[in-house]
Asker: 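Just passing along the structure, written as structure tokens.
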Amino acid sequence: MARITSRSEALAVMAVMAAAVFGMASAATYNVGEPGGSWDLQTNYGNWVSSKSFHPGDQIVFKYSPQLHDVLEVNKADYDSCSTSNPIATHNSGNDAIALTSPGTRYFICGFPNHCTGGMKLQISILPGATSLAPAGAPKANSPLPPSTPFSTATKATATGFGLAAVMLAAALMA
Ligand code: CU1
């Protein structure tokens, strides 16, 4: 009886630690327009982005028929005017994963005639920091702390938690 209890306790600890670590990793993949849409003429991309926050390490994936659409990454002026003449990058595989590597704003439009003006334009604001390491409401401009501090603290806490969970699991399995 004691064995079962301690093993299930260890497994519970492992599950909690795994959840914490996965949450902390926070590299998310967003399929553009999903659920309910894709890279198409029906989706309202302003609505789509409004419920999300993007961070370095995340990626967005454009899924579409290459016969019907493509994806041009453009600058803000070309985004605003739906100009396709000077793209930063062109994607047309129909399954295009775009890595969001650094903070800033990136602009995507469809290059097919009248599709951008028809609504196929997507503006992505990439916020600094990993999702779960940026406390909501934390003041941004008041601190001279080195930026690495919260990350190394979190990493140590995670490593400690993992070690503890592994020891407990091993103890439970050997009991
Ligand atoms: Cu299109």
Side-chain angles (χ1 to χ4, degrees), residues 16-66 68-112 115-143 145-159:
V16 169
M17 289 303 159
V21 168
F22 278 112
M24 201 168 289
S26 79
T29 295
Y30 298 95
N31 294 323
V32 172
E34 290 186 4
S38 60
W39 185 232
D40 56 36
L41 278 164
Q42 285 75 46
T43 301
N44 183 320
Y45 299 100
N47 286 349
W48 186 77
V49 296
S50 67
S51 63
K52 298 168 182 60
S53 71
F54 302 93
H55 299 269
D58 293 348
Q59 64 175 357
I60 57 173
V61 182
F62 292 87
K63 295 183 178 178
Y64 56 92
S65 167
L68 300 177
H69 306 290
D70 61 11
V71 179
L72 305 184
E73 181 163 6
V74 296
N75 63 29
K76 185 180 189 313
D78 288 349
Y79 175 87
D80 289 339
S81 64
C82 282
S83 168
T84 61
S85 59
N86 187 34
I88 298 165
T90 301
H91 308 276
N92 49 28
S93 77
N95 188 1
D96 303 322
I98 312 288
L100 307 177
T101 52
S102 56
T105 305
R106 296 175 67 172
Y107 303 91
F108 302 91
I109 65 175
C110 182
F112 279 54
H115 284 202
C116 175
T117 52
M120 290 190 72
K121 54 194 303 188
L122 172 63
Q123 173 177 333
I124 299 282
S125 296
I126 303 137
L127 305 171
T131 305
S132 59
L133 294 178
K140 278 185 177 176
N142 70 342
S143 173
L145 283 176
S148 64
T149 299
F151 288 91
S152 59
T153 304
T155 303
K156 275 176 197 163
T158 304

Asker: Give, for atom CZ of F54 and atom CG of L100, the distance between the pair rounded to the nearest 0.5 Å.
Answerer: 7.0 Å
Asker: Could you give all pairs that pass the disulfide (SG to SG under 2.5 Å) test and reach residues 27-57, with sequence neighbours left out?
Answerer: none
Asker: Tell me every residue that passes ring pair (Phe, Tyr, Trp, His ring centres under 6.0 Å) with F108, counting only those two or more places apart in sequence or in another chain.
Answerer: F62
Asker: Report the residues that fulfil side-chain contact (heavy atoms from CB on, under 4.5 Å) with S50, sequence neighbours left out, ordered by chain and then residue number.
Answerer: none
Asker: Determine whether F112 and L68 make a side-chain contact, defined as any pair of heavy atoms from C-beta on separated by less than 4.5 Å.
Answerer: no
Asker: Once rounded to the nearest 0.5 Å, what's the spacing between atom CD1 of I60 and atom CG of D58?
Answerer: 10.0 Å
Asker: Tell me every residue that passes side-chain hydrogen bond (donor to acceptor under 3.5 Å, both in side chains) with D96, counting only those two or more places apart in sequence or in another chain.
Answerer: Y64, S93
Asker: So, do V61 and T29 sit near enough that their side-chain heavy atoms are less than 4.5 Å apart?
Answerer: yes
Asker: Enumerate the salt bridge (Lys or Arg N to Asp or Glu O under 4.0 Å) contacts for residues 36-56, please, sequence neighbours excluded, ordered by first and then second residue.
Answerer: none
Asker: Tell me, please, which residues at least two apart from Q123 pass side-chain hydrogen bond (donor to acceptor under 3.5 Å, both in side chains).
Answerer: none
Asker: Taking only residues two or more places apart in sequence or in another chain, which ones pass side-chain contact (heavy atoms from CB on, under 4.5 Å) with S51?
Answerer: none
Asker: Considering all heavy atoms of both residues, which atom of G129 and which atom of P56 are nearest to each other, and what is their separation?
Answerer: O-CD, 3.7 Å
Asker: Minimum heavy-atom separation for P103 to L127, with atom names?
Answerer: CB-C, 4.3 Å
Asker: Enter the distance from I124:CD1 to T105:OG1 here, rounded to the nearest 0.5 Å.
Answerer: 9.5 Å
Asker: Show the numbers, then the answer: is there a side-chain contact (heavy atoms from CB on, under 4.5 Å) between V32 and K63?
Answerer: CA-CA 7 Å; V32 172; K63 295 183 178 178; over 6 Å; no
Asker: Can you list the residues that meet the side-chain hydrogen bond (donor to acceptor under 3.5 Å, both in side chains) rule with S102, with sequence neighbours excluded?
Answerer: none
Asker: Show me the pairs that pass side chain to side chain donor-acceptor pair (under 3.5 Å) and involve residues 68-77, at least two apart or across chains.
Answerer: H69-H115, E73-R106, K76-D80
Asker: What closest approach, in Å, do C82 and K121 show between heavy atoms, and which atom pair accounts for it?
Answerer: SG-NZ, 4.0 Å
Asker: Within the structure provided, determine whether V74 and N86 are in side-chain contact (heavy-atom separation under 4.5 Å).
Answerer: no
Asker: Please report whether the SG atoms of C110 and C116 are separated by less than 2.5 angstrom.
Answerer: no
Asker: Using the side-chain hydrogen bond (donor to acceptor under 3.5 Å, both in side chains) criterion, which residues pair with S85? Sequence neighbours excluded.
Answerer: S83
Asker: Provide the closest heavy-atom pair for W48 versus L122 in the form atom of the first, atom of the second, distance.
Answerer: CE3-CD1, 4.1 Å
